[in-house]
Amino acid sequence: MHILLTNDDGILAPGIKALWQELSQFARITVVAPDSEKSASSQAITVHHPIWVDEHPLDVADICAWRVGGTPTDCVKVALESLLADDLPDIIVSGINQGSNMGTDVLYSGTVSAAIEGALHGLPAIAMSLDSWETFDFEPAAKTARKVIETMINRCLPPNTLLNVNVPALPESQLKGIAITKLGVRNYENTFERRQDPRGRTYYWMCGRVSDTENAPDSDIVAVQNGKISITPIHFDLTNYGIMNALGTWGL
């Protein structure tokens with residue numbers, strides 16, 4: 001099996017290192033990841049300047065790796081359409097992100113967007129996230145990724161679908177199983193701090209924190225709060241079919 005790894009935290013992030021250390025035990029690994037952190041880049045692509053790509057040696061033998069001066073989506077595009085065009089991977093794994101990607105976070109997440117790009121190319125794809133900004137033990141999440149991959153080897157996801165996996169920041173012995181979930185709702189209380197640079201120009205720095213929102217028991221947010229690994233199948237047909245007929249009566 002050939003696995004392509006990418007992320008939005010950068011090629012030096014501990015989360016992607018945990019992945020290649022775990023997954024290289026049973027698969028051939030290629031890493032194509034941003035040269036620096038590109039969090040919250042969503043599905044952005046680089047079109048107004050060159051995308052620099054350099055080989056990047058890792059501490060594991062037999063792993064080819066490239067660092068990309070672009071977004072997570074750029075990484076997957078350049079990997080599938082250039083670097084690996086003659087040796088396509090069997091599956092794409094994005095992560096392990098430091099911090100969860102649940103609910104409406106997936107609309108902003110570079111981690112999830114990289115997996116989406118893989119699915120757009122017709123490949124099975126998984127987005128992996130750890131629900132903590134402080135805990136750096138990625139081993140339980142890496143083992144979860146391996147379990148999901150080994151389980152889905154002989155199964156097929158529907159077209160344009162990926163798996164979004166969020167792992168609680170708990171020791172492996174304290175995890176309470178896996179829940180198949182839907183996306184919850186996550187709101188933020190944002191503030192924009194107004195500042196001035198040394199030349200007197202005004203700029204704003206966005207800050208925010210999660211605002212508690214009531215979510216359904218079968219949501220990803222509730223599952224992770226209860227110590228369960230959340231696996232949410234995501235597809236990206238954003239059409240609201242329920243109101244198509246109603247719009248037809250507007251006389252547009």
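None of these values were measured; they are calculated from a predicted model.
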What pairs with W133 under side-chain contact (heavy atoms from CB on, under 4.5 Å), at least two apart in sequence or on another chain?
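side-chain contact (heavy atoms from CB on, under 4.5 Å) check on W133 returns Q98.
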Got a sec, which residues hit side-chain contact (heavy atoms from CB on, under 4.5 Å) with D35, two or more places apart in sequence or on another chain?
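D35 satisfies side-chain contact (heavy atoms from CB on, under 4.5 Å) with K38, R67 only.
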Hey, does the side chain of S230 reach the backbone of N166 with a donor-acceptor pair shorter than 3.5 angstrom?
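The answer is no, because no donor-acceptor pair under 3.5 Å joins these two groups.
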Can you give me every donor-acceptor pair (side chain of residues 82-89, partner residue at least two apart or in another chain, under 3.5 Å) with its distance?
from	atom 1	to	atom 2	distance (Å)
D87	OD1	R28	NH2	3.1
D87	OD2	R28	NH1	2.9
D87	OD2	R28	NH2	3.4

Applying side-chain hydrogen bond (donor to acceptor under 3.5 Å, both in side chains), name anything that partners [X], two or more places apart in sequence or on another chain.
X    : answer
D197 : R201
W66  : none
K176 : none
K228 : none

Donor-acceptor contacts, no H, no angles, side chain residues 233-244, under 3.5 Å, sequence neighbours left out:
from	atom 1	to	atom 2	distance (Å)
D237	OD1	T239	N	3.0
D237	OD1	T239	OG1	2.7
D237	OD2	Y241	OH	2.3
N240	OD1	G242	N	3.2

Residue pairs involving residues 88-116 (criterion salt bridge (charged side-chain N to carboxylate O under 4.0 Å, His left out); sequence neighbours excluded)
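For residues 88-116: D105-R186.
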Kindly list each side-chain donor-acceptor pair under 3.5 angstrom involving residues 47-57, sequence neighbours excluded, with atom names and distances?
none

Under 3.5 Å, side-chain donor or acceptor atoms of residues 168-175 against the rest of the protein: list the pairs with distances, not counting sequence neighbours.
from	atom 1	to	atom 2	distance (Å)
E172	OE1	K143	NZ	3.4

Between R195 and T202, does the side chain to side chain contact (heavy atoms under 4.5 Å, CB included) criterion hold? Intermediate values first, please.
CA-CA 6 Å; R195 302 180 182 179; T202 298; over 6 Å; no
Donor-acceptor pairs are to be reported for all side-chain atoms of residues 149-159 against protein atoms at under 3.5 Å, with residues two or more places apart or in another chain.
from	atom 1	to	atom 2	distance (Å)
E150	OE2	R146	NE	3.1
T151	OG1	K147	O	2.7
R155	NH1	T151	O	2.7

